[in-house]
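Each chain gets a letter, A, B and so on, in the order its sequence line appears, and its residues count up from 1.
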Amino acid sequence: MLILEGHGLTKNFGGLTAVHKVDFEIQEGEIFGLIGPNGAGKTTLLNLINGIFPITQGEMFFLGQRLNGLKPHQITRLGIGRAFQIVRAFEGMTVKENVLVGSLFGTKKRKDIGTGMKETEKILDFVGLGPKKDYMIPEITIADRKRLELARALVMDPKLLLLDEVMAGLNTREVEDLMEMIFKVNRQGVTILVIEHVMKAVMGISHRIMVLHYGRKIALGSPKEIAENEEVIKCYLGERFVRKEAERKGHSRAK
Amino acid sequence: MVKVSRKGWLLIGGGFCLFLLLAPFLLRGYWIRLLTNMFMFGILAESVNIIAGYCGYLALGNMLFFGLGAYIVAVLMTKFAFSFALALIIAGLGASLFSAIVGLPILRLKGQYFIMATMALMELLRAITNNIPITGGGQGITLPIFPGGAAAANFFFYYFMFGLMVFAILCTFYISKSRLGYAFRAIRFDEDAASVMGINPTPYKTIAWAISAFFTGLTGGTYAYWMSYIDPGEAYQIMPSIKMYLMMVLGGRGTVLGPITGAFFIEFISELVWGKFLELHFLILGLILVLVVIFTPKGFMDLLRRGLSFSKLMAGVKENRV
Amino acid sequence: MLGQVLVNGLLQGGFYACIGVSFSIVFGIMKIINLAQGTQVILGAYITYAASHLLGLDPFFTLPLSIIGLFILGYMIQKYLINLVAKGGLIITSLLTFGLNLILINIALLIWKADFRGTNPWYMGMSFEVAGVTIPYVRLLIFVIAILFTIVLELFFRKTETGNSIRATALNPKAAQLMGIDIGKTYCLTFAISSALGGAMGTLFILAKPISPFTGGDFLIILFSVAILGGLGSIPGALLAGIVLGMVESFSTMFFGIAFQNVVLNLVFILILIFLPTGFMGKRFYG
Amino acid sequence: MKKRKSFFWTRGTIIFSCCLILISFPTFVNSQEAKVRIGAAVSMTGRLAKEGSLVKKGYETWTEWVNGRGGINVGGKLHKVEMIYYDDKADATTSAKLTEKLITEDKVNLILGPYSSGIAAATSAIGEKYGYVTIAPVANGDFVYERGFKYLFSVLSMATQDLVPVAELAVKQIPKPKTFAAVVLDHVFTLPAIDGVKKKSLESGLQEVYYGKFPVNTSDFSGILTTIKGKDPDLLYFGGFFPDAVSFYRQAKELNVNAKLYTTTGTAGHPDWLSVMKKDGEYVLAQVPWHQDMPYKGPFFTSASFNDFWKKKYGEEADYFSACGFVSGILMQLAIEKAGSLDQTKIRDVLRAIDVETFFGKFKFDEKGKNIAHRMGIIQVQSGKQVLIDPPQPGAKILYPAPSWKER
Amino acid sequence: MDTSSLLRIQNLHAGYGDVPVLWDIFLKVDRRKIIGLLGGNGAGKTTLLNVISGIISPMKGRVHFLEEDITFSNPTRRVQMGITQIPEGRLLFYGLTVKQNLRLGAFTRKDKASLEKGLDAIFQLFPRLAERKDQLAGTLSGGEQQMCAIGRGLMSRPKLLLIDELSWGLAPLVVDHIMVALKKVYEEMELSMILVEQDVQLGLEFSHRAYVLETGRIVKEGRSEDIIKDPDIRKSYLGI
């Protein structure tokens, strides 16, 4: 079943076209990757999905409901959660309070603070932030902030989770932890749309990948197809990546 | 290093409250008026705190609701013979309603644009007040004197302002612990992120401003009756607005008791300076403000929380220095 | 009649623009609402007053004195006071200038008392007529000087290396530091320039209106309006905004009477804010 | 290097806290001698700082003078006068607070009022509450006295009467003026005077061609002046604060707006007018509550001898603000001496019944506390002097019509 | 002379406020050498660069540059001496043009006359920038911005170039391009570099020597080709 579909999505900023006639469909339950060079319009596309920017042209549907013209908070309550690229935690609040906001306002159900708190603690334990729940935001590390972003999105009980470069700035071990966690969320039935520069991660977790270049879709397919797609290599991946990838594969084969 | 335990704070606070409750029986007229004045600024700082401290919208022209409340009470009492109580309630609600109406377009503005819009709104209201006959224009309005002599008036306004302040504190306390409070703070720190987390900012911002306007309007109305004369220049002033921010920031932005502490501190210090230095009071008050801002940029509440010590003070200075 | 109203608005607007620029650069570059700016203008005016009375100089020739005097004062203020809290954010720095304002007022009060001071050179009040429009010499000169200062300042910011370093610091203080730009010094310089411009405006102001130590507070609304309308830190924007404000003031007096001048002015201002919230040229500065 | 710096800061903090403790110490008043304590909250800072400090100078001079004579005779015993001043910042809230402080904290015997009407409206309510006699030296807005207060007395006649003599004078001139324009600051301080003269002018058959109120902080009058120029009025009435009047007349000259007679509310009688306006201030009329050429005689001074006394003391002509302050003191002194007591009710009753002439003019109060015996003088600036032209003086004549700006 | 050390850090402790982030750092940079500074997030790499640039003053320890003690010198002085940082996230002056950005890079240089020559050299190195020299820096693509940042850093004629997270947010292809250009810079201009990288493989391929930081301490140092073969490193950083 289709969970999210976009038809001919276009976004103009003044004279600049950030996203140009992009079509895509995301199946329920899949992990859908979105890659492309900087300024390709990936984050803009995400902003169109959750309504931060109004759509200039085209249509978008979530589980059959038209999203055009809805405000971000309405879209969130339909079941689309989002973790931001640059961590946008509320700085003057504790870790717990940050997640609590999502729990209180992010779902259709109206909850009292006690219930919200319980859910919050559950989610914090899930992402491994339980011991740090009373820390203020400036006191936790970047990796923890990424986890916090994830927790804030998860607590809203989303059907579709948008992850915007949550891996950026993490080391290999942390990336692997986070990949594991994303798989776990996905197994619980949450569809995930992920934007990522860390190729290893995006190649490793996505079922399908879409490549954007200057606002246009240039490829869509399985990770393997993408990695071999010549246009993608020309515009995005580059020779060294292919070489390195080959070396890595050769190495693991040898092992 | 001065550090007081939680119990100590409760004792100090309780004692102070008891003192305030009994003060009219212990003190002479001037001190009662001074305290009443402190309460007034306490309420004003607290109401600014709701919109600016919690919700992050720096409504520098918040005194516009003060003027509005004062004029509603004045006009209703003199021209339509309303009782004070009724007029005051209308003033509070009127200020709230007005904030909601103008809030819809203005609360969309961000940062300095919002600051400026509220200031312009205050100027606009002043200009309108000057030009409509029912307010007496630039001549001002004189209100009936509170019946029953000096002592009765002192008692009445003292306890009235005190009650209003306690009401404002309780209200802020409730907000800080409720859904509203979380929504306000989320909006303050990142409005886009808040809306992605399911908060519709518009109604929450409007509510915050309406609550703030409600208290400011009530204070203005009480002030008009208390002073028994107002004119537009007195009712709509920029300087008290700035002073309210000073109080809020010194006490602690976004804390329940901070603005009240700040208000008490500033009013008390200015009173001392005023009384002692006839020719130099601006200079000395200015110096004190400058030093306080340099040494406690995060407010007293923060300082008390971290404990008062010289090295902490210096660390605060170092942090903000270029 | 219409021509006269137009000229009146334009002449007043030039002054508003320049005074707005002095406030706007500090606001735009350092994110400081300088609440003492009005009083700094008045201090400039006092320098002119003192110089023209003690030395018998023509007020216009005292311009260098007020500029230099206020430049030094501004530099000191930034270096020894504001830089101490410069990283504290908009509210903190603004509150500091609030305290500073009180101090400056009191100092002026101690030196010059509460008396009204004014200058009255021989050409005061003289005017000439062009096509039925009366143009006073003094106001024209004020206008020309104000515009000239504005243009020179804009060129300074765009063309000189120091100007660019100031803009760079505004855009990204950390990067500027990494380029070897001394932020503290740059801030001092910026504040000093703003202060000096304010001082120059004081010289021009005392030619139009007498001053007392408390006159400075009257500028606050105009300073804010011009800076915000023009787009923070944008000099051409402030120029345009000042002239627009002057025009609105002049025309509203003609059409609605002067009593409604403030009603119209503030209404127009709020509407512009709502429908044009980045100001006239706000975007140009930030790219 | 680092150490020394922190030492500096430590010392700074200690000194700072010492200062705080010092200023928070109460002042102890030595109350051995029999004294009359008089309190005054005046504006020493803020918009009315100049006027307020002149009134204060009047109070101070009176105190010194009366103490020089041994003090006030209360029931046969001489009491020295002690004055307590506070600065009300021209702000009603502060003024009210300070008045309450004077009454309850400093326990003064009498209160001399603040400078302006708006503030007096707030403070007189407090004097009334405590049953304290308040003498208001300059606050003469009519509305202040319409509230039925029993302890409040105005030194001056009411503000609506301020400029009435100007209209009376003008219609007597030849060629007779036909039209007038009135421009007034929208403020309690200036509205009544201009409205009063406007009413009188209309009654005298003059025609109003322009009436405009301008808001506080207006610095550009060219819009109004352009309109007025088109109407070409014979008389120009202007009401505003000092800076307003200066920029108004400067711009009138710039735009060449001429009238036969120019008027201001008080400003042209202000001591700073001559130094700021120089020859551009010529021919302008203003009301003055007092002038040294007035013909009044009193128990201690005549109008002229008061000016001599002042000149000897300060080397400058006495200004009317100080005179207002001084005469308030004298009035108080007369009332106390006659009452023979410091009892507020007795003093009030004496003031109620008083009918006396002083160097300042006559005093006779109606039941509302308005001085109905006082009449404003009118001055015109002539050759760098503020010359009294009404009440009529020998050798002083109104210069009419004023020459146009270009002919001067 | 050519082999003597350029930068020497001894026993350095540093942090923000009262909280230390770096402990006991010893680090040496020789002339004409590229040093890799590797490690996970929060390891203190950026803090160390900021100490070298003078933005953070150390709590303990000494920093010498060209045999001069610069422990407490301000950033301006250090730029004049030849230490320039290309910061993480580029931090261009987005409201200024490319050319103005580059000129500001030479802010501390006294010989303004040869400035134009320097500009030409940068434009030769990155022809893309020459095409866009009058465009606002904010309108450049990510790769072009990184080029502009490098160009701006080179304009001060550094002796030691500190590069923080070169590959941050860039497509793999663009990283390749920039690496090539950087190699050219290294070969043509006589300078040393400290390269901070998340992408450990990239960092090691490109450097002569490398230091590996973990939670504020140096846990490994040595020649890059040795480190890349280190099994611990391969396991925890290269995922092989």
Side-chain angles (χ1 to χ4, degrees), chain C residues 1 4-5 7-9 11-13 15-16 53 102 105-106 109 113-122 124-127 129 133-139 205-215 217-222 246 249-254 257-263 265, chain D residues 43-54 89-90 183-184 186 210-227 229-230 241-257 267 270-281 405-406 408:
Chain C
M1 181 77 176
Q4 182 72 54
V5 174
V7 168
N8 292 344
L11 292 184
Q12 188 66 15
F15 180 72
Y16 283 170
H53 276 251
L102 294 181
I105 287 179
N106 208 149
L109 194 61
K113 305 284 176 299
D115 296 0
F116 287 107
R117 312 282 184 174
T119 52
N120 205 339
W122 56 272
M124 178 59 81
M126 294 192 359
S127 55
E129 272 192 35
V133 177
T134 314
I135 301 172
Y137 286 114
V138 172
R139 300 185 136 242
F205 183 77
I206 201 173
L207 285 161
K209 211 174 172 178
I211 52 152
S212 82
F214 305 98
T215 318
D218 301 355
F219 295 121
L220 202 60
I221 291 286
I222 281 293
E249 203 178 282
S250 186
F251 276 95
S252 71
T253 306
M254 182 181 158
I258 197 163
F260 288 92
Q261 177 189 304
N262 276 356
V263 177
L265 203 65
Chain D
S43 311
M44 288 159 68
T45 51
R47 183 173 291 286
L48 299 169
K50 169 76 177 179
E51 291 85 344
S53 49
L54 286 177
K89 302 185 282 177
V183 179
V184 59
D186 196 0
Y210 182 86
Y211 178 82
K213 289 195 277 187
F214 65 89
V216 179
N217 285 351
T218 303
S219 59
D220 183 20
F221 293 97
S222 40
I224 306 184
L225 285 164
T226 308
T227 317
K229 194 177 182 184
F241 288 123
F242 185 87
D244 303 328
V246 171
S247 26
F248 182 81
Y249 281 107
R250 267 190 191 165
Q251 289 170 26
K253 182 183 174 192
E254 285 169 359
L255 295 172
N256 202 19
V257 180
T267 311
H270 196 291
D272 291 342
W273 177 262
L274 300 176
S275 68
V276 170
M277 285 297 275
K278 305 234 172 70
K279 65 181 175 31
D280 292 341
W405 295 106
K406 292 218 163 130
R408 294 184 189 183

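- Residue C/Leu265 does not touch chain D at all, counting heavy-atom pairs closer than 4.5 Å.
- Comparing D/Ala49, D/Gly223, D/Pro243 by how many heavy-atom pairs each has under 4.5 Å with chain C, the most go to D/Pro243.
- Under the 3.5 Å distance criterion, with hydrogens and angles disregarded, a donor-acceptor pair is assigned to the side chains of C/Asn8 and D/Thr226.
- A distance of 7.5 Å separates OG1 of D/Thr45 from CG of C/Leu109, quoted to the nearest 0.5 Å.
- Residues forming a salt bridge (Lys or Arg N to Asp or Glu O under 4.0 Å) with C/Arg139 (at least two apart in sequence, or on another chain): D/Asp220, D/Glu254.
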Derivation of the side chain to side chain contact (heavy atoms under 4.5 Å, CB included) call for C/Val138 and D/Arg250: CA-CA 11 Å; C/Val138 172; D/Arg250 267 190 191 165; over 6 Å; no

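- Looking at C/Met124, the atoms closer than 4.5 Å to chain D (heavy atoms on both sides) sit in the backbone and in the side chain alike.
- A salt bridge links C/Lys209 with D/Asp244; the closest basic N to acidic carboxylate O contact falls under 4.0 Å.
- Looking at C/Thr253, only its side chain comes within 4.5 Å of chain D, counting heavy atoms on both sides.
- When each of D/Asp186, D/Val183, D/Ile224, D/Thr227 is paired with C/Ile258, the side chain to side chain contact (heavy atoms under 4.5 Å, CB included) condition holds for D/Ile224 and for no other.
- Residue C/Thr215 does not touch chain D at all, counting heavy-atom pairs closer than 4.5 Å.
- When heavy atoms are compared at a cutoff of 4.5 Å, C/Ile206 approaches chain D solely by way of its backbone atoms N, CA, C and O.
- Interatomic distance, OG of D/Ser275 versus CG of C/Asp115, reported as 8.0 Å (0.5 Å rounding).
- The aromatic rings of D/His270 and C/Phe116 lie perpendicular to each other, with more than 60° between the two planes, well past the 30° mark.
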